[in-house]
Amino acid sequence: MDDDLTREFLIESQEGLDRMERCLTDLEEKPQDAGLIGEIFRAVHTIKGTTGFLGFKRLETLAHAGENLLGLLREGKLAANRPLITGLLELLDGLRSILKSVETKASEGDGDDAVLISHLEALRLPAQVEAKEPVCVQAGAASASAPPPAKRKSAATKKRSATPPPVAPAPVAPAPALAPPAEPAPSAAPVAEAPVDAESEAARPHVQTAAESTLRVDVAVLNRMMNLVGELVLTRNQVLQATAADPNMTMLSRRLDMVTADLRESVMQARMQPVSNIFGKIPRIVRDLSQTLGRRVRLQVEGQDTELDKSLLEAIKDPITHAVRNSLDHGIEPPEARQAAGKNPEGILKLRAAQEGSHVIIEVCDDGAGIDVDKVRQKAIERGTVTARRVMQLSEREQLQLIFVPGLSTSDVVTNVSGRGVGMDVVRTNVEKIGGKVEIDSHVGKGTTLRMRIPLTLAIIPALIVRSMNQSFALPQGALSELVHIPVSQAATAIEWIENVPLFRLRGKLLPLVFLDRLLTPEAERKDASERDSFIAVMDADGRRFGLVVDGLADPEEIVVKPLSAVLKDIGLYSGATVLGNADLALILDPGAIAMKAGVTLCEQEAARAAEDVVEAARSREYLLVEVAGHQAAVPLNDVLRIEQLPLRRIEYIGFRPVLNFQGQLLPVDDSGGVLDAAAPDPEAKMIVVVCREGNRQVGIAVSHVLDVAAGGELFEAGSAQLTSGVTLLNDQVTGVVDLGGVARLAAGEQAPAEWSQMGETVA
Amino acid sequence: MSTATVAVRRKEKAEAVMVEMCSVRLGQTLFGVPITHILEIVGAARPQPVPLAPAFVGGLVHYRGDVLTTVSLRRLLGLPPREGPQDILVLESAGGCFGLLVDSVGEVLTVSSADHEPNPSLLDERRKALFAGAYKLSDSLLVMLDPEKLDPMRLSAALA
């Protein structure tokens, strides 16, 4: 038996049952509360789901019976009356006693739950419930003076401990069997409790209970620790500054520095966990489920080491499990069906985790049958979730999202695995509870992708600090694709307008611009943008591309995201705040929300992908246009590593070959244009070397100026329709392409000292 | 005051309770906040403004590793903004902590509930909602603020 898995399951189930108990007692006061019923249903559903693959048959059977009953209750076909709640409390106690047995004896025990199950079955029939009413009225009357739920609960608990197989000594019909648990049995309880306790006491030395071997720390305590460590870091920074001049303090402050850094790291580590903690459990589930369901499934896992805050990780565990179950049950078809459809009989289930900006994206992706939108729509209308007219106004994609509505399942059969329409509901509830978003994407016959976007509330993200309105803002690096500087001299012409919409030509394409200051202070008077320097941060927020215009750029920084109070969260543009290294505060901008607020539309995914391909293709034919001693020449942009401006005296010669000692390595410099010779009289003159990649070596090309980046057109030789090499059409001019391969190697045997040529070899 | 009248008064207000109030100055008015609600007083702070926030939000301050939303009492009362740093009372309410921006924080005064009077009916509605009556001091009035009602969540709900 997988000990870790079982222990986790025990802790979780116990928490679930505690919650269920609270809800049940509340339900007695508010029998109409659908939220409470939903919560109870989920608790039982989760237990059933987990027990199934852990192989606890007895628990599963019992939970399944309970779930059937709760399903009717949730659909409003049964009323939450006393006998029903009593029955559910018995179910709770039954589950608890089995769990206890699992914890102490590592087995479910050999009790028989038939009576309890048949009782739960009986409760599903309204007629029988009425027949039992008198018994329960009596029970209610007996406990009328005391708060009823508590009393019944304690009675039931005692009953449970008295007889490990719950409600076992009730051989007759379900109705009479009901009566005993409702009646307090004080005489029997003390006697009966003793042996149970003794037994678990005896078991303890051998089997460490789940509660002892793991220490569960309240997340609030960890939060507080994290905040205090942050505070300590800032104080340390001040201490370091204050003591920098004092040599006596150097040792002490260095030590403080180190200890603080270590402490900070460990507190952070205490909170962060790789998603493999969850993903690691999936293979087992997939294996067992595919056996039960007769599927052939290959599991692919990506981004296991993506880290997420513990509390968030905990919250997405259920949704991921549910999504996997759904994929196996409804997504991936049986092997025969797959073969018939011309697919590989082995289905692929892909789990992917990746950090994207201030979010972690988790995808559960299958190549199964997909979801039939028509079916979802029909079901939704049948269930009265939406009206037929409303549904027609929704896009196909939006209609698909109806699957997250509680009680909507497209499965025609309720199986043990899924199909009750509860899974997707749980997925959405849990993900939204932590401020995440969940989306489903499906194509019939091709497969389904469930995408969860989980915020990194407490995580540390790389961000670029930008300045606007004399304030600092943090821009998550993940959504940032490039930066463009617009000097004041070009400001008037670089930004073009269609009516009141500002646009920028980025490599020939128009990019909508959003001015951060205008967006944040719409009513304020401000100077015209053309009177100052500005920067365009080109953002890509979930397929929305736009340029964010800011006044200035500061340093990139790793920032700790601090949550904002609800009032400020409601503004919708900030995903948090952070304390910068200089102790200033900065608001963290949410690029997606900015795009939405400014009205930047979402490119369709396909369109975006197509555009990406075009960009990719164009990039491969893009050239850096340079001027070499009066002529234009082109260098393939893909091969350019960097452009260095340096004084001429840095160029050294091996014989007649110019070389550059570049970052400790020797770089052969091509000077076919004679740029170096022309500049030779003045050793302080600045010259430009374009550092390029050529095969597995690097070469430098001496140029006079770097002019532009341009897309090259293909040229065909007249008559032969053969592609010319070595020239390209740039800005409608035939331009020679620098032959990087032609730059001679620094071969051994040149007129150079031995060690030099050796160095040259290593470069080559 | 003769000993006789003191005795009479004591008898009248037998259930009078002494309350400790932190006095706070804003313009010409002296306000009081029960010290039981105050977590800490942060002096001379310069909150970071939050564009697009509701008008009463005075900005964000860094407080013990957290980012604290502050409520500007001046803005709340529609008074002109004040140049220079302001003091912050860190208050605890049901919705969590928040800061209250005031001109300056004064001494802690012990007042008797016997000297408390409810809000005058002439007060405008907004102030009526924020003030919880006043204590009569020997030389001035101490207007009591209800920390619960200053909670940013409640303020935004009330203004919505």
Could you walk me through whether A:Leu587 and B:Leu60 pass side chain to side chain contact (heavy atoms under 4.5 Å, CB included), step by step?
-> CA-CA 9 Å; A:Leu587 289 156; B:Leu60 294 175; 3.6 Å; yes
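- Looking at residues two or more places apart in sequence or on another chain, you find a side-chain hydrogen bond (donor to acceptor under 3.5 Å, both in side chains) between A:Ser565 and B:Thr69.
- Annotation for B:Asp124: atom CG counts as buried by contact number, over 12 foreign heavy atoms lying within 6.0 Å.
- With B:Val50 as the partner, the side chain to side chain contact (heavy atoms under 4.5 Å, CB included) test is satisfied by one option alone out of A:Leu573, A:Leu585, A:Leu520, A:Ile571: A:Ile571.
- The closest donor-acceptor contact from the side chain of A:Gln471 to the backbone of B:Pro49 lies under 3.5 Å.
- Within 6.0 Å of the CE atom in B:Met18, the count of heavy atoms belonging to other residues, nucleotides or ligands exceeds 12.
- Contact of A:Lys569 with chain B is not made at all, since no heavy-atom distance falls under 4.5 Å.
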N/O donor-acceptor pairs under 3.5 Å from side chains in residues 102-112 of chain B, not counting sequence neighbours:
{"unit_1": "B:Asp103", "atom_1": "OD1", "unit_2": "B:Arg74", "atom_2": "NE", "d": "2.9"}
{"unit_1": "B:Asp103", "atom_1": "OD1", "unit_2": "B:Gln86", "atom_2": "NE2", "d": "3.3"}
{"unit_1": "B:Asp103", "atom_1": "OD2", "unit_2": "B:Gly27", "atom_2": "N", "d": "3.0"}
{"unit_1": "B:Asp103", "atom_1": "OD2", "unit_2": "B:Arg74", "atom_2": "NE", "d": "3.4"}
{"unit_1": "B:Asp103", "atom_1": "OD2", "unit_2": "B:Arg74", "atom_2": "NH2", "d": "2.8"}
{"unit_1": "B:Ser112", "atom_1": "OG", "unit_2": "B:Ala114", "atom_2": "N", "d": "3.0"}

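- Between B:Val67 and A:Thr578 there is no side-chain heavy-atom pair separated by less than 4.5 Å.
- In this structure, the portion of A:Leu568 lying under 4.5 Å from any heavy atom of chain B is its side chain and not its backbone.
- Note that CG of B:Leu68 and CG of A:Leu564 are 11.5 Å apart. Values are rounded to the nearest 0.5 Å.
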Would B:Met153 and A:Val567 satisfy side chain to side chain contact (heavy atoms under 4.5 Å, CB included), going step by step from the backbone distance to the final call?
-> CA-CA 6 Å; B:Met153 254 349 252; A:Val567 180; 3.5 Å; yes
For B:Arg46 and A:Asp584, run side chain to side chain contact (heavy atoms under 4.5 Å, CB included): C-alpha distance rounded to whole Å, both residues' side-chain angles, the deciding distance at 0.1 Å, then the answer.
-> CA-CA 10 Å; B:Arg46 288 181 185 275; A:Asp584 267 2; over 6 Å; no
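- Closest approach of A:Tyr574 to B:Pro51, counting heavy atoms only: OH-O, 2.7 Å.
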